[in-house]
Amino acid sequence: MTSTKPSSVHKGGSTESTPADALHVGSSDPRTLIMNNLRQSGIFVALVVIVALFAFLTDGLSLSPGNITNIVLQYSYILVLAIGMVIVIIGGHIDLSVGSVVALTGAVSAVVVIRQGQPWWLGVLAAVAVGLAVGAWHGFWVAYVGIPAFIVTLAGMLLFRGLTLRVLDNISLSPFPAEYNRIAAGFLNGLIGGDGYDAFTLLIGGIAVAGYVVSCFRTRVARIRYQQPVESFALFVARMVLVGAVVMWFAWQLANARGLPIVLIILAVLVLVYGLLTRRTVFGRQVYAIGGNLPAAMLSGVKVRTVNFWIFVNMGFLSAVAGVIFSSRSNGAQPAAGNMFELDAIAAAFIGGAAVTGGVGTVVGAMVGGLIMAVMSNGMQLMGVDQSMQSVVKGLVLLVAVAFDVYNKRRAGATR
């Protein structure tokens with residue numbers, strides 16, 4: 001590993017690195033960087049390998065513009081659930097009820113909009129209110145009564161599935177009005193023109209790349225200022241170019257299909273907000289502290305009960321968002337909606353690097369884990385793989401992901 005100390009300037013008795021140092025320090029050994037960040041780098045490598053594998057097995061069909069758009073539309077609600085689930089897991093809990101809550105919130109929205117004829121946005125608000133109430137219910141029993149989340153949410157899975165059947169009277173309700181249906185099936189297309197493609201989608205992709213580069217550069221400067229390790233500037237630039245190329249390719253594929261999906265905008269906003277929430281706020285640091293070392297968090301003054309309560313309120317909110325998206329995508333509400341969604345969300349979090357014991361995980365990692373599951377499911381469907389075999393493959397992938405987490409812990413303990 002090759003590295004140099006950052007240059008610094010003396011200001012008022014303190015040592016502070018200058019932004020220009022970001023051009024001159026860091027390791028240039030890719031193997032060292034990968035091994036030092038094995039948990040996160042491994043899932044990105046796995047995603048690339050899986051995408052390439054199914055592109056080969058389907059003769060490129062999996063990477064066609066239409067199929068990429070379908071992946072976004074079909075699995076967006078699982079990615080929304082994965083955001084909330086990874087926060088629950090970081091805090092040292094689990095939530096087995098999210099599939100039932102998705103069904104219940106979608107059912108409530110359908111009753112308000114379809115059966116009662118209310119405006120579409122009122123159905124959305126009703127679903128969100130129910131999701132928040134469910135989250136508060138779980139949070140009360142977990143945080144203030146002290147019942148383990150596994151038991152509380154297992155009871156919730158049965159309770160809210162039963163309430164879904166009661167709300168719908170054991171029948172399906174459809175269709176939703178066009179405005180509601182656009183939430184998960186609508187596109188922004190032709191806002192600023194484009195010859196055979198949607199220029200607006202490319203513009204949003206370019207803005208996303210620019211924002212990513214600025215954010216990464218600011219993070220790099222901050223790490224250097226505090227003399228933390230970073231990669232060499234050449235590798236930093238290479239990473240920016242690679243990510244930028246992937247994002248713009250993805251935007252180009254969407255632009256050549258039907259434009260920018262509205263649900264992708266919703267998902268992007270949630271990823272940005274929750275990425276900042278977990279990394280830059282007191283609440284986020286407290287969640288990590290509780291999951292990583294509960295006694296230490298209590299001794300340091302963290303209000304554990306309050307934080308745990310809001311963890312589950314947040315999960316209820318995101319379950320409601322996923323319920324709205326799923327019911328919009330399905331153009332109706334069904335008693336069996338959301339079946340097994342909780343397992344997909346949990347799998348996405350663990351595959352994305354979350355630790356079984358809590359205290360470890362990221363929103364971005366959960367998104368990558370969810371994408372791995374989505375690409376695998378979509379690829380196997382394109383290949384005509386039997387549903388039973390798809391379940392076998394998903395189960396094995398989840399097992400390998402958890403085994404990888406155990407390996408990382410043993411490796412970390414052996415090097416101390």
Side-chain angles (χ1 to χ4, degrees), residues 40-41 43-80 82-83 184-216 237-275 325 329 348 351-352 362-382:
Q40 289 300 318
S41 61
I43 58 173
F44 287 104
V45 173
L47 177 60
V48 171
V49 170
I50 289 172
V51 169
L53 174 63
F54 281 107
F56 172 76
L57 294 176
T58 61
D59 294 326
L61 181 59
S62 64
L63 295 182
S64 65
N67 189 62
I68 289 176
T69 299
N70 286 335
I71 291 176
V72 172
L73 298 179
Q74 291 175 3
Y75 298 97
S76 54
Y77 43 88
I78 297 298
L79 297 180
V80 171
I83 295 173
F187 295 85
L188 297 181
N189 198 330
L191 296 181
I192 58 175
D195 185 13
Y197 60 90
D198 180 44
F200 179 74
T201 302
L202 297 180
L203 175 62
I204 295 299
I207 293 174
V209 171
Y212 175 76
V213 171
V214 171
S215 175
C216 288
V237 172
R239 177 161 63 92
M240 296 300 100
V241 171
L242 179 61
V243 171
V246 170
V247 171
M248 292 309 299
W249 173 84
F250 177 71
W252 176 254
Q253 297 296 90
L254 294 179
N256 279 275
R258 286 174 281 179
L260 186 64
I262 293 175
V263 71
L264 182 60
I265 299 175
I266 297 172
L267 183 60
V269 170
L270 290 175
V271 170
L272 288 174
V273 170
Y274 281 95
I325 292 174
R329 169 73 177 167
I351 292 172
T362 63
V363 171
V364 173
M367 291 299 95
V368 176
L371 287 174
I372 287 175
M373 296 293 288
V375 171
M376 286 173 45
S377 298
N378 176 262
M380 288 187 288
Q381 288 171 8
L382 292 177

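Keep in mind it's a predicted model, so treat the numbers as computed, not measured.
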Inset, instruction - Applying side chain to side chain donor-acceptor pair (under 3.5 Å), name anything that partners Thr69, two or more places apart in sequence or on another chain. - result: none

Legend entry - Residues that Tyr197 engages under ring-ring contact (aromatic ring centres under 6.0 Å, His included), provided they are two or more places apart: Trp252

Legend entry - Atom of Phe250, atom of Ile68 and distance for their closest heavy-atom approach: CE1-CG2, 3.4 Å

Inset, instruction - Apply side chain to side chain contact (heavy atoms under 4.5 Å, CB included) to Val241 and list each qualifying residue two or more places apart in sequence or on a separate chain. - result: Val237

Inset, instruction - Write down the atom of Val271, the atom of Met367, and the distance for their closest heavy-atom approach. - result: CG2-SD, 3.7 Å

Inset, instruction - Applying side chain to side chain donor-acceptor pair (under 3.5 Å), name anything that partners Asn189, two or more places apart in sequence or on another chain. - result: none

Inset, instruction - Check the side chains of Asn378 and Asn67 for a donor-acceptor pair under 3.5 angstrom, ignoring hydrogens and angles. - result: yes

Inset, instruction - Apply side chain to side chain donor-acceptor pair (under 3.5 Å) to Asn256 and list each qualifying residue two or more places apart in sequence or on a separate chain. - result: none

Legend entry - Test side chain to side chain donor-acceptor pair (under 3.5 Å) applied to Arg329 - qualifying residues, sequence neighbours left out: none

Inset, instruction - Mind checking side chain to side chain contact (heavy atoms under 4.5 Å, CB included) for Ile372 and listing every partner two or more places apart, or none if nothing turns up? - result: Ala46, Leu47, Ile50, Ile351, Val368, Met376

Mind listing the side-chain donor-acceptor pairs of residues 198-207 below 3.5 Å, one per line with the distance, residues two or more places apart or on another chain?
unit_1: Asp198; atom_1: OD1; unit_2: Gly190; atom_2: N; d: 2.8
unit_1: Asp198; atom_1: OD2; unit_2: Thr201; atom_2: N; d: 3.2
unit_1: Asp198; atom_1: OD2; unit_2: Thr201; atom_2: OG1; d: 2.5
unit_1: Thr201; atom_1: OG1; unit_2: Leu260; atom_2: N; d: 3.1

Inset, instruction - Scan for ring-ring contact (aromatic ring centres under 6.0 Å, His included) pairs involving residues 55-79, sequence neighbours excluded, and state none if there are none. - result: Tyr77-Phe326, Tyr77-Phe341

Legend entry - Main-chain N/O of Met373 paired to Ser377 side chain as donor or acceptor, under 3.5 Å: yes

Inset, instruction - Applying side-chain contact (heavy atoms from CB on, under 4.5 Å) between Leu79 and each of Leu267, Leu270, Ile325, report the one that passes. - result: Leu267

Inset, instruction - Any pair with a residue in residues 54-64 that passes side-chain hydrogen bond (donor to acceptor under 3.5 Å, both in side chains), sequence neighbours left out, goes on the list, sorted by first then second residue, please. - result: Thr58-Ser62

Inset, instruction - Could you tell me which non-hydrogen atom of Pro65 sits nearest to which non-hydrogen atom of Ala257, and how far apart they are? - result: O-CB, 3.7 Å

Legend entry - Heavy-atom closest contact (Phe54 atom, Met380 atom, distance): CE2-N, 3.8 Å

Legend entry - Heavy-atom side-chain proximity of Leu73 to Arg258 below 4.5 angstrom: yes

Legend entry - Minimum heavy-atom distance between Thr362 and Gly365, given as atom pair plus value: OG1-N, 2.8 Å

Inset, instruction - For Ala366, enumerate each residue passing the side chain to side chain contact (heavy atoms under 4.5 Å, CB included) test, keeping only those at least two apart in sequence or located in another chain. - result: Ala82, Val86

Inset, instruction - Using the test side chain to side chain contact (heavy atoms under 4.5 Å, CB included), find all partners of Val247 that sit at least two apart in sequence or belong to another chain. - result: Val209, Val243

